Participant: 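Would you mind keeping the following structure in view while I ask a few things?
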Amino acid sequence: MILPLHHQVRGRVRAILAELYDLSDDTVNIPIESPPNRALGDLGSPVAFELARTLRKAPRVIAQEIAARFTAGDGIARVEAAPNGYLNVFIERRAFLLQRLGVIELPGTAVAQATGPSAVQKTIVEHTAINPNKAAHIGHLRNSALGDTLVRALGFRGTPVEVQNYIDDTGVQVADVVVGFREIEHRDLAGVQAIADATRFDYYCWDLYAKVTEWYTTDKARLAIRAAALHDIEHGVSPTAEIANFIAERVVRCHLKTMARLNIDYHLLTWEGDILRLKFWARAFEVLKHSGAVYLQTEGRLAGCWVMKIDDPIASDDDAEVGADGTSNPAGADGGEEDREKVIVRSNGTVTYVGKDMAYQFWKSGLLGKDFFYRTFARRMDGSQLWATTSHEVDAEVAHPPFGAALATFNVIDVRQAYLQKLLKQALVAVGHADEAERLTHFSYEMVALSHATARDLGYAAPADADDAKRPFVEVSGRKGLGVKADDLIDRLFAKALVEVTRRNPELSEAERRRISELIGVAAVRYFMIKYSRTKVIAFDIDEALSFEGESGPYLQYAVVRANNIFQKLQERAGVSTPALLASLAATPPDALNGEDGDHELWSLVLEAARLDDVVEQVVRSLEFAVLAKYGLGLAQMFNGFYHKAPILNEEREDVKRWRAAAVAYFRQQLTHTLEIMGVGVPSRM
RNA sequence: GCGCCCGUAGCUCAGCUGGAUAGAGCGUCGGCCUCCGGAGCCGAAGGCCGCAGGUUCGAAUCCUGCCGGGCGCGCCA
């Protein structure tokens, strides 16, 4: 951890600024950065540049004046003004490392914990939310990997988190599969159950879903069958509703199994059907009507609908200018340009998706005044209960944790839903809860598409003249059945890892080799899914995803395994236990740590390892997990370089040996934490 | 048409709320296992940071306008 030191430096610079220039505390922000190399310093601040204009002094002079006032102590060795105006801080290295290794006490932590935001309230993270009508694919994996990493990152910094997975069991997609079973395969509930027991059900539905889509296109009249099925599901009409229930529940169990393979799980499954049956919408509707946010449109195109005004700063400019070319579209036969409205309740009285989502969000934010009933659905990976909502009081378990009513909410949903998420926020504002709206975050990310090479592997060949062929990637499509199933990808990764592990460690038992392969496979997928910025479309390439080299999860694991090996060997060959080694540091001269011969590699490793807390803060602030991935990569690279250059077991100088070991001990601790935040474990061997 | 996103090395991408010399992986070429495990390390080649203006001590980063690409804008979800 480096942040306590940041706070300290900031505080002391503030005090000096107040003293020297009479600058009040919060007018100046004091950025803390990393100087390009250790010879320049451990922490650096360009604060003098910003002050240069207001103080009418050269940055270098300001930096010098601040540095002159800066006294050593409290973990800071000295402060220098660089010739170019940077203020550079040098850390008291020995104390810093010993504190982080727990050899000596870290001053101020007890206080910091006691005075910290003790009453932090719960944050809800909703992710995954796969339609329960087919197997999960790689697009869903990006969602879950990002969502779960967010959950872990929040947990790392002490924020209580509730993880929800929303199940759209009453939507068209489930209806489609019901239609497929009944109309194409002519099966009843028992028939569907038999198939579920005899096959990989989510895979079966994947294919069936594609078939149904095709089936609709051959005769548009068949769409009426879908509409009827959807209606029956929403109203609980037998037997359609029972079949739909069965399908949804079975497929959800498949999804849970898939996600569990990647160390991803949830506290609560919220079922859309329960939101309908418990009339959450009716309550939300009252509030929305009462506030005037949603009103009945009486004229025009949307007459008879309850609508919400979209406040889009679109600025209805003059569009009178239409080119001379005759393509001017007749914009407004009857009012095309005035305020836009979004339908919330259709003229036939049914609620749109947005409406249901608003009710759900009101509940998440603690504004609905209603609650679900709850039942145990399954076991979580740690053995505790996975809860699900229910609308039947008879099924309900009285004793359950409190759900919903969170201080803050993150909805992990891809960028294509940005518009709807914006409306959701707007609805909160409209009913007078601007603060809740402020604390609602749409964690958006770009979609996963397929590289042309991988689409070809899957047997998809776009006609050369088709649009698809010209695009930079091929879109995943559940409707077309085009996509890489999550479990297929995971299977391939596990299998490939097993080959590699077996080649390197033939003496291990098969069970052990499998265990290791799975850890490696998980690292590969999860790292792959977070290493891109969330604003970037991933053109998924199977060969790239299967790579265990370079910028990959296994590379990070490998670094930790190597580090662990050193301590194991230290114990085996020299009989030195890690605790004993660390204990001996207090009495070891710190020359090696301070860089004899101007060599700061050892210290650089320690300092970089310490940055994890800073990185996690940045990641949570920006929701950019690629930063975490890059940090882990850089740290592993730094260690690997150090590993080759600085031997430990064979180092003769005892003090050098100990400090190197200490640095590596801290490194592996921090990189292990980094991997934990990614949901990745460390194998015993690789 | 309007809104959001992307454009950096041959390819895939980093570049933190403007800051010290624009970096990594893959690929290419050349080295390194009597030495803690080579899923590794070291080195080389490879960049008008899409284009043009602007803001300032300083711009890959901020603003404007273009160009190219993606997505969104339904009484679908």
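Quick caveat, the model's predicted, so the values are computed rather than measured. In what follows, chains carry the letters A, B, and so on, assigned in the order in which the sequence lines appear, proteins first and then strands, with residues in each chain numbered from 1.
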Participant: Once you round it to whole Å, what is the distance between C1' of B/rC36 and NE2 of A/H644?
Facilitator: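 It is 10 Å, rounded to the nearest whole Å.
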Participant: Within the structure provided, determine whether A/E341 and A/Y295 are in side-chain contact (heavy-atom separation under 4.5 Å).
Facilitator: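 SC-SC contact between A/E341 and A/Y295 confirmed.
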Participant: For B/rC29 and B/rG72, measure between their C1' atoms and round to the nearest Å.
Facilitator: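 46 Å, rounded to whole Å.
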Participant: What is the separation between atom CD on A/Q568 and atom P on B/rC36, rounded to the nearest whole Å?
Facilitator: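 Checked: the CD to P distance equals 14 Å.
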Participant: Do the side-chain N and O atoms of A/N505 and A/R513 include a donor-acceptor pair separated by under 3.5 angstrom?
Facilitator: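 Not at all, the side chains of A/N505 and A/R513 share no donor-acceptor pair under 3.5 Å.
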Participant: Salt bridge (charged side-chain N to carboxylate O under 4.0 Å, His left out) for A/E500 and A/R503? Distances and angles first, verdict last.
Facilitator: CA-CA 5 Å; A/E500 298 291 323; A/R503 193 159 57 79; 2.8 Å; yes
Participant: Which value, in whole Å, describes the distance between the C1' atoms of nucleotides B/rG3 and B/rA59?
Facilitator: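 Taking atom C1' in both B/rG3 and B/rA59, they lie 27 Å apart.
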Participant: Using only modelled atom types and a 3.5 angstrom limit, is any donor from either the side chain of A/N565 or the base of B/rG37 paired with an acceptor on the other?
Facilitator: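 When only heavy-atom distances are counted, A/N565 does reach the base of B/rG37 through a donor-acceptor pair under 3.5 Å.
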Participant: Are the charged groups of A/R479 and A/D176 less than 4.0 angstrom apart, N to O?
Facilitator: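 Between A/D176 and A/R479 there is a salt bridge, with a charged N closer than 4.0 Å to a carboxylate O.
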Participant: Taking the C1' atom in each of B/rG54 and B/rU12, what is the distance between them to the nearest angstrom?
Facilitator: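 Nearest-Å result for B/rG54 against B/rU12 at atom C1': 33 Å.
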Participant: Which whole number of Å gives the distance between the C1' atom of B/rC13 and that of B/rA52?
Facilitator: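 Pairwise C1' distance, B/rC13 against B/rA52, rounds to 27 Å.
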Participant: May I ask you to test the A/R660-A/K657 pair for a side-chain heavy-atom distance under 4.5 Å?
Facilitator: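 SC-SC contact between A/R660 and A/K657 ruled out.
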Participant: Is the shortest side-chain N/O distance from A/R471 to OP1 or OP2 of B/rG70 below 4.0 Å?
Facilitator: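 Checking B/rG70 against A/R471, a side-chain N or O does come within under 4.0 Å of OP1 or OP2.
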Participant: Between B/rG70, B/rG37, B/rA20, which nucleotide has the shortest distance from any of its atoms to the side chain of A/F473?
Facilitator: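 Output: B/rG70.
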Participant: Determine whether a donor-acceptor pair (N or O, by modelled atom type, separation under 3.5 Å) exists between the side chain of A/E651 and the backbone of A/R653.
Facilitator: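 Yes, because the side chain of A/E651 sits within donor-acceptor range (under 3.5 Å) of the backbone of A/R653.
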Participant: Within this structure, what is the CZ-to-C1' distance between A/R503 and B/rA39, rounded to whole angstrom?
Facilitator: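 One finds 9 Å between C1' of B/rA39 and CZ of A/R503, rounded.
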Participant: How far does the P atom of B/rG58 sit from the matching atom of B/rG15, given to the nearest Å?
Facilitator: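 Those two atoms are separated by 25 Å.
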Participant: Look at the side chain of A/N84 and decide which nucleotide, out of B/rA20, B/rG70, B/rC36, has an atom nearest to it.
Facilitator: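 So the nucleotide nearest the side chain must be B/rA20.
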Participant: Take the protein atom CG of A/N37 and the nucleotide atom P of B/rA20, then report the distance between them rounded to whole Å.
Facilitator: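 Computing the A/N37:CG to B/rA20:P distance gives 12 Å.
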Participant: Hey, is the side chain of A/K536 poking within less than 4.0 Å of OP1 or OP2 on B/rG7, counting only N and O atoms?
Facilitator: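 It does, given that an N or O in the side chain of A/K536 lies less than 4.0 Å from OP1 or OP2 of B/rG7.
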Participant: Between the side chain of A/R526 and the main-chain N/O of A/M678, is any donor-acceptor distance below 3.5 Å?
Facilitator: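 Checking the backbone N and O of A/M678 against the side chain of A/R526, a donor-acceptor pair under 3.5 Å is found.
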Participant: Could you go through A/V345 and A/W281, starting from their C-alpha distance and side-chain angles, then the distance that decides it, and tell me whether this counts as side-chain contact (heavy atoms from CB on, under 4.5 Å)?
Facilitator: CA-CA 10 Å; A/V345 180; A/W281 166 246; 3.5 Å; yes
Participant: Do any N or O atoms from the side chain of A/R142 and from the backbone of A/V448 form a donor-acceptor pair under 3.5 angstrom?
Facilitator: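 No: the side chain of A/R142 does not pair with the backbone of A/V448.
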Participant: When you measure from the side-chain N and O atoms of A/R504 to the phosphate of B/rA39, is any distance below 4.0 Å, counting only OP1 and OP2?
Facilitator: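 Indeed, a polar side-chain atom of A/R504 lies that close.
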Participant: Set out, line by line, the N/O atom pairs under 3.5 Å between protein and nucleotides 73-77 of chain B.
Facilitator:
residue: B/rC73; atom: O2'; partner: A/R340; partner atom: NH2; Å: 2.2
residue: B/rC75; atom: O3'; partner: A/R346; partner atom: NE; Å: 3.0
residue: B/rC75; atom: O2; partner: A/S347; partner atom: N; Å: 3.2
residue: B/rC75; atom: O2; partner: A/S347; partner atom: OG; Å: 3.1
residue: B/rC75; atom: N3; partner: A/S347; partner atom: OG; Å: 2.7
residue: B/rC75; atom: N4; partner: A/R301; partner atom: O; Å: 3.2
residue: B/rC76; atom: OP2; partner: A/R346; partner atom: NE; Å: 2.2
residue: B/rC76; atom: OP2; partner: A/R346; partner atom: NH2; Å: 3.2
residue: B/rC76; atom: O3'; partner: A/R346; partner atom: NH2; Å: 3.2
residue: B/rA77; atom: OP1; partner: A/R346; partner atom: NH2; Å: 2.3
residue: B/rA77; atom: OP2; partner: A/R346; partner atom: NH2; Å: 2.9
residue: B/rA77; atom: OP2; partner: A/Y353; partner atom: N; Å: 3.2
residue: B/rA77; atom: O3'; partner: A/D168; partner atom: OD2; Å: 3.2
residue: B/rA77; atom: O2'; partner: A/D168; partner atom: OD2; Å: 3.3

Participant: I'd like the C1' distance from B/rG23 over to B/rA60, given in whole Å.
Facilitator: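 The answer is 12 Å between these two C1' atoms.
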Participant: Tell me, please, which residues at least two apart from A/F528 pass ring pair (Phe, Tyr, Trp, His ring centres under 6.0 Å).
Facilitator: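 By the ring pair (Phe, Tyr, Trp, His ring centres under 6.0 Å) rule, A/F528 matches A/Y532, A/F540.
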Participant: Pick the closest RNA chain B nucleotide for A/R621 and for A/S45 by heavy atoms, then say which residue is nearer the 5' end.
Facilitator: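 Per heavy-atom nearest nucleotide, the more 5' residue is A/R621.
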Participant: For B/rC71, decide between syn and anti, treating a glycosidic angle within 90° of 0 as syn.
Facilitator: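 Anti, which is what one calls it when the glycosidic angle falls more than 90° from 0.
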Participant: Write down the distance separating the C1' atoms in B/rA45 and B/rC63, rounded off to the nearest Å.
Facilitator: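 Looking at atom C1' only, B/rA45 and B/rC63 are 38 Å apart.
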Participant: Quick one: A/L450 CG to B/rU12 C1', roughly how many Å, whole number?
Facilitator: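 The distance from CG of A/L450 to C1' of B/rU12 comes to 16 Å, rounded to the nearest Å.
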Participant: Any side-chain N or O of A/Y527 less than 4.0 Å from the OP1 or OP2 oxygen of B/rA39?
Facilitator: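 False: A/Y527 side-chain N/O out of range (4.0 Å or more) of B/rA39 OP1/OP2.
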Participant: Relative to A/Y216, does A/R226 satisfy both conditions: NZ or CZ under 6.0 angstrom from the six-membered ring centre, and within 45 degrees of the ring's axis?
Facilitator: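 Yes.
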Participant: Can you run through RNA chain B from 5' to 3' and write each base as (, ), [, ], | or . depending on how it pairs? Watson-Crick or G-U wobble, both distances under 3.5 Å.
Facilitator: (((((((..((((.....[...)))).(((((.......))))).....(((((..]....))))))))))))....
Participant: Report, as a single string ordered 5' to 3', how protein heavy atoms within less than 4.0 Å touch nucleotides 25-32 of chain B: B base, S sugar-phosphate only, - not at all.
Facilitator: SS------
Participant: Tell me which of A/A539 and A/N88 sits closer to the 5' end of RNA chain B, going by the nucleotide each one is nearest to.
Facilitator: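 Nearest nucleotide further toward 5': that of A/A539.
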Participant: So does A/T454 get a backbone contact from the side chain of A/S451, meaning a donor-acceptor N/O pair under 3.5 Å?
Facilitator: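 Yes; at least one donor-acceptor contact below 3.5 Å.
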Participant: With a non-hydrogen cut-off below 4.0 angstrom, is A/V501 in contact with a base, only sugar-phosphate, or nothing?
Facilitator: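 Touches a base.
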Participant: Name the pairs: protein N/O against N/O of nucleotides 56-59 of chain B, kept only if under 3.5 Å.
Facilitator:
none

Participant: Check ring pair (Phe, Tyr, Trp, His ring centres under 6.0 Å) between A/F443 and all other residues, then give those that pass, not counting sequence neighbours.
Facilitator: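 Ring pair (Phe, Tyr, Trp, His ring centres under 6.0 Å) list for A/F443, sorted by chain: A/F625.
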Participant: As a test of reading the structure: which of B/rC13, B/rG40, B/rC36 is closest to the side chain of A/R562, going by heavy atoms?
Facilitator: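 Looking only at heavy atoms from C-beta outward on A/R562, the closest nucleotide is B/rG40.
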Participant: For A/F667 and B/rC36, what is the distance between atoms CZ and C1' respectively, to the nearest whole Å?
Facilitator: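 That distance rounds to 14 Å.
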Participant: For A/N505, report the nucleic acid contact type (base, sugar-phosphate, nothing); a contact means any heavy atom under 4.0 Å.
Facilitator: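 The answer is base, as A/N505 lies within the cut-off (heavy atoms under 4.0 Å) of a base atom.
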Participant: Fit a plane to each ring of A/Y360 and A/Y166, take the angle between them on a 0 to 90° scale, and name the class: parallel (under 30°), tilted (30 to 60°) or perpendicular (over 60°).
Facilitator: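 Because their plane-to-plane angle is under 30°, the rings of A/Y360 and A/Y166 count as parallel.
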Participant: When the C1' atoms of B/rG25 and B/rG50 are considered, how many whole Å apart are they?
Facilitator: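 Between the two C1' atoms, the distance is 23 Å.
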Participant: B/rA14, OP1 or OP2 - any side-chain N/O from A/S533 closer than 4.0 Å?
Facilitator: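 Yes.
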Participant: Find the distance A/I413:CD1 to B/rG72:P and express it as a whole number of Å.
Facilitator: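 The distance from CD1 of A/I413 to P of B/rG72 comes to 15 Å, rounded to the nearest Å.
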Participant: Could you tell me whether A/F567 contacts a base, only the sugar-phosphate backbone, or nothing, with contacts defined as non-hydrogen atoms closer than 4.0 Å?
Facilitator: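 No contact.
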Participant: Apply side-chain contact (heavy atoms from CB on, under 4.5 Å) to A/V615 and A/K630, showing your working.
Facilitator: CA-CA 10 Å; A/V615 169; A/K630 277 285 177 201; over 6 Å; no
Participant: Establish, from distance only, whether the side-chain atoms of A/N411 and A/Q421 form a donor-acceptor pair under 3.5 Å.
Facilitator: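 Per modelled atom types, A/N411 and A/Q421 side chains form a pair under 3.5 Å.
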Participant: Rounded to whole Å, please give me the gap between CG in A/L493 and C1' in B/rA39.
Facilitator: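 Answer to the nearest Å: 14 Å.
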Participant: Has A/K630 got a side-chain N or O lying under 4.0 Å from the OP1 or OP2 atom of B/rC13?
Facilitator: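 For B/rC13, neither OP1 nor OP2 has a side-chain N or O of A/K630 closer than 4.0 Å.
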